[in-house]
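Model, not experiment: these values are computed from the prediction. In what follows, chains carry the letters A, B, and so on, assigned in the order in which the sequence lines appear, proteins first and then strands, with residues in each chain numbered from 1.
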Protein chains: 2
Amino acid sequence: MEPRVARVVTQLRRGTLEYCVLAVLRHEQRYAFDLVQDLGRTGLVTSEGTIYPLLSRLRRDGLVESTWEESPSGPPRRYYQLTADGRAALTAFVQEWTTFRSSVDAVLPDLEDRG
Amino acid sequence: MEPRVARVVTQLRRGTLEYCVLAVLRHEQRYAFDLVQDLGRTGLVTSEGTIYPLLSRLRRDGLVESTWEESPSGPPRRYYQLTADGRAALTAFVQEWTTFRSSVDAVLPDLEDRG
DNA sequence: TGGTGCTACCTTGTGACGCATGGAACCCCG
DNA sequence: CGGGGTTCCATGCGTCACAAGGTAGCACCA
């Protein structure tokens, strides 16, 4: 068991995850269960326990809105759409992320470096 | 006061900070107060309240070692050096960071995009 | 009818960690 | 002796990813 290594990515996800969700929503509405599987494929989301509280926060802060729709098979789905505030927040985040990423890259050694 | 925007970067720093410290230490030993001012310049560290617990963790996990040295002005300084484990952890992190960064970049819109 | 399994929603509790705050000690200068 | 810079540290808070667990609808099969 290597708790340190195992949780590095978990820590990295902090803060970026909600904006990744906003980014996905910028083109089309999605529902939570769908998002888990989609973003899970890229390794960004791991479980529903992450996405539901996250979406609640985004709703609370007015960055997304939701509408209920019937499912062809199963319980009804709550679809999320980006609001104008959400779109603005996403734009602002991309700026911050870019700056932050550059700072980190400037400090870290390149992959091909050996020391 | 804009709590959400203000704390975005705080969340981003999570997980990366300790490895940025390791990265700085890979070339020369440093002491905490010095690190705060250095990494503070690039916006990665904001206060001593961050760096001291962080260094304690790194020491506890054997990623760094420390030696006391006299200061020309003030109390003695605790200088930190990278251990072999620390160097390995840094290498592993760079790999994880690179992967993660790519995943995020793939989801986020480019800066020049307008949608 | 009852069982199994998938979909889809949600809540609660835990742990990690950045940061604010505050304290202590050392030093120099006036 | 007092003030300010340096340098160490500990305590408590808030945020958030995640695990674990709970409910309900639908489908299929025996």
Shortest non-hydrogen pair, A:L108 vs B:Y19, comes out as CD2-O, 4.0 Å
Using a heavy-atom cut-off of 4.0 Å to chain B, what are the terminal contacting nucleotides of DNA chain D, in 5' to 3' order? D:dT6 to D:dC16
Side chain of A:T83, backbone of A:G62: donor and acceptor closer than 3.5 Å? yes
Partner set under side-chain contact (heavy atoms from CB on, under 4.5 Å) for B:Q95, not counting sequence neighbours: A:L111, B:T99
Under 4.0 Å, counting only non-hydrogen atoms across every strand here, what does B:T50 touch: a base, just sugar-phosphate, or nothing? base
Whole-Å distance, B:R13 CZ to C:dG18 P, equals 9 Å
side-chain contact (heavy atoms from CB on, under 4.5 Å) partners of A:A32, counting only residues at least two apart: A:I51, A:Y52, A:L55
Whole-Å distance between C:dG18 C1' and A:F100 CZ? 12 Å
Could you state the atom-to-atom distance from CZ of A:R60 to P of C:dC10 in whole Å? 15 Å
Which pair of non-hydrogen atoms, one from A:L44 and one from A:C20, has the smallest distance, and what is that distance? CD1-SG, 4.0 Å
Does A:R77 put a side-chain nitrogen or oxygen below 4.0 Å from OP1 or OP2 of C:dA8? yes
Could I get a table of every N or O pair under 3.5 Å where one atom is in the protein and the other is in nucleotides 12-16 of chain C?
residue	atom	partner	partner atom	Å
C:dG15	N2	A:R14	NH2	2.6
C:dA16	N3	B:R14	NH1	3.4

Partners meeting side-chain contact (heavy atoms from CB on, under 4.5 Å) with A:S66 (sequence neighbours left out): A:R59, A:R78, A:Y80
Contact pattern, 5' to 3', of nucleotides 23-30 of chain C - B, S or - by protein heavy atom under 4.0 Å: ---BS---
Which pair of heavy atoms, one from A:L90 and one from A:R26, lies closest together, and at what distance? CD2-CD, 4.1 Å
Looking only at heavy atoms, what is the nearest atom pair of B:G15 and A:Q11, with distance? CA-CB, 3.7 Å
Mind checking what makes side-chain contact (heavy atoms from CB on, under 4.5 Å) contact with A:E69, not counting sequence neighbours? A:Q29, A:T67, A:Y79
Could I get the full list of side chain to side chain donor-acceptor pair (under 3.5 Å) partners for B:Q37, not counting sequence neighbours? none
Given that A:L54 and B:Y52 both sit by DNA chain D, which one's nearest nucleotide is further toward the 5' end? B:Y52
Please identify each residue that fulfils salt bridge (charged side-chain N to carboxylate O under 4.0 Å, His left out) with A:R30, with sequence neighbours left out. A:E28, A:D34, A:D38
How long is the line joining OH of A:Y80 and P of C:dA8, in whole Å? 14 Å
